[in-house]
Amino acid sequence: LSRTLSSPLVHVGHPGISALVTSGSASSLHSSDTNQHMILNNSETPPVNLSMNHHHHQQQHPHHRIYENGSPNGQLKTGLAFDSVMLKHACQCGDNSAHPEHSGRLQSIWARLMETQLVSRCDRLRSRKALQEELQVVHTEAHAILFGTNQINRQKIEASRASFVRLACGGVGVDLDTTWNENHTTSAARMAAGCVIDLAFKVAKGDNKNGFAVVRPPGHHAEPGLAMGFCFFNSVAVAARLLRLKVPEIRRILIIDWVS
């Protein structure tokens with residue numbers, strides 16, 4: 001979307017953001033420094049085992065030994081990830097017609113999957129929200145806290161980082177495209193990332209032949225310290241980085257991004 005065709009933005013800031021975070025940093029997708037993370041919530045244990053247990057006596061196995069729970073040639077199903085929590089991320093203006101990225105996109109996709117009975121032919125993934133330490137393998141600590149925690153924790157971020165703006169529709173966003181909902185955006189963005197992470201690991205472990213994540217908000221425009229273009233957390237980059245960190249056998253990952 002052209003950012004020059006809409007009315008000027010009025011910065012509204014964030015009422016609960018005042019203090020500066022001065023400790024910790026996180027790596028980008030290509031960085032090797034992932035040791036310093038602020039872990040704000042450890043209560044959500046990922047339902048998918050993200051560790052890949054490889055013992056020394058298994059080293060004589062062929063290259064496909066990363067398939068712990070299945071076989072590359074087995075009759076595996078397609079993994080399917082979806083959670084209705086992601087439908088609640090919506091502009092506070094209440095008018096979806098003013099926003100090309102809205103819950104109707106996922107509702108339409110899911111309705112079609114149900115209509116064609118494809119859902120029943122897939123392996124439904126138990127959804128969960130990405131943890132702070134997972135997000136921070138790609139995103140900065142400040143970014144993960146700002147968009148991935150509650151208002152109380154966001155108070156630890158300096159006000160200058162909270163570039164929330166008033167949209168022409170009357171809602172709030174971080175730019176013309178990227179709407180912000182104080183009550184639901186955080187949960188939706190973390191849920192989207194968590195679904196992509198777990199689906200990637202299930203495919204890598206051989207639990208599923210492949211996977212389809214019906215998630216929003218999308219993530220491919222999000223940068224380590226910047227939300228933009230509908231995106232808050234770069235879910236694919238986070239999943240790829242975690243696979244590289246936890247599965248040494250996976251040395252190269254191809255990411256294809258296209259617009260249909």
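For reference, positions follow the sequence shown, starting with 1. Just so you know, these numbers use all the heavy atoms, side chains as well, and skip hydrogens, waters and symmetry mates.
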What closest approach, in Å, do [X] and [Y] show between heavy atoms, and which atom pair accounts for it?
X      : Y      : answer
Ala192 : Pro217 : CB-O, 3.8 Å
Asn181 : Ala90  : ND2-O, 2.9 Å
His139 : Ala222 : CE1-CB, 4.1 Å
Lys209 : Leu76  : N-CB, 3.5 Å
Gly225 : Thr140 : CA-OG1, 4.0 Å
Ala213 : Leu199 : N-CD2, 3.7 Å

Side-chain contact, heavy-atom cut-off 4.5 Å: [X] with [Y]?
X      : Y      : result
Phe82  : Leu106 : yes
Val214 : Leu113 : yes
Val236 : His220 : no
Leu87  : His184 : no
Asn150 : Thr186 : no
Lys202 : Asp123 : yes
Pro218 : Cys231 : yes
Met191 : Ser127 : yes

Does the [X] side chain pair with the main chain of [Y], one donor and one acceptor, at a distance under 3.5 Å?
X      : Y      : value
Arg166 : Val172 : no
Thr178 : Val174 : no
Ser108 : Gly104 : no
His99  : Glu101 : no

message: Could you go through Glu134 and Arg128, starting from their C-alpha distance and side-chain angles, then the distance that decides it, and tell me whether this counts as salt bridge (Lys or Arg N to Asp or Glu O under 4.0 Å)?
response: CA-CA 12 Å; Glu134 292 173 326; Arg128 58 97 180 178; 2.7 Å; yes
message: Counting neighbours of CZ on Arg121 that are heavy atoms of other residues, nucleotides or ligands and sit closer than 6.0 Å, is the number greater than 12?
response: no
task: Evaluate whether atom CD of Gln117 has more than 12 neighbouring non-hydrogen atoms of other residues, nucleotides or ligands under 6.0 angstrom away.
output: no
field: Option passing side-chain contact (heavy atoms from CB on, under 4.5 Å) with Trp180 (candidates Thr185, Leu167, Val165, Asp175)
entry: Thr185
field: Ser103 versus Lys88, side-chain donor and acceptor atoms under 3.5 Å
entry: no
If I take atom [atom1] from residue [X] and atom [atom2] from residue [Y], how far apart are they, to the nearest 0.5 angstrom?
X      : Y      : atom1 : atom2 : result
Ile253 : Ile255 : CD1   : CD1   : 6.5 Å
Gln136 : Leu131 : CD    : CG    : 10.5 Å
Arg126 : Asp83  : CZ    : CG    : 11.5 Å
Ser187 : Met86  : OG    : CE    : 11.5 Å
Glu182 : Phe164 : CD    : CZ    : 7.0 Å
His89  : Phe232 : NE2   : CZ    : 5.0 Å

- request: Let me see the working for Met228 and Glu223 under side-chain contact (heavy atoms from CB on, under 4.5 Å), right down to the final yes or no.
  value: CA-CA 8 Å; Met228 59 184 293; Glu223 298 184 0; 3.9 Å; yes
task: State plainly whether the residues Glu133 and Arg241 are in salt-bridge range, i.e. N to O under 4.0 Å.
output: no
message: Quick one, Phe201 with Val247, criterion side-chain contact (heavy atoms from CB on, under 4.5 Å). Give me CA distance, side-chain angles, the key distance, then yes/no.
response: CA-CA 9 Å; Phe201 272 84; Val247 189; 4.2 Å; yes
- request: May I ask you to check whether Phe233 and His143 place their ring centres under 6.0 Å from each other?
  value: yes
- request: Kindly determine whether Thr78 and Asn208 satisfy side-chain contact (heavy atoms from CB on, under 4.5 Å), including the steps that lead there.
  value: CA-CA 6 Å; Thr78 293; Asn208 293 121; over 6 Å; no
- request: Mind running side-chain contact (heavy atoms from CB on, under 4.5 Å) on Thr179 and Gln92 for me, showing each step along the way?
  value: CA-CA 8 Å; Thr179 61; Gln92 295 172 341; over 6 Å; no
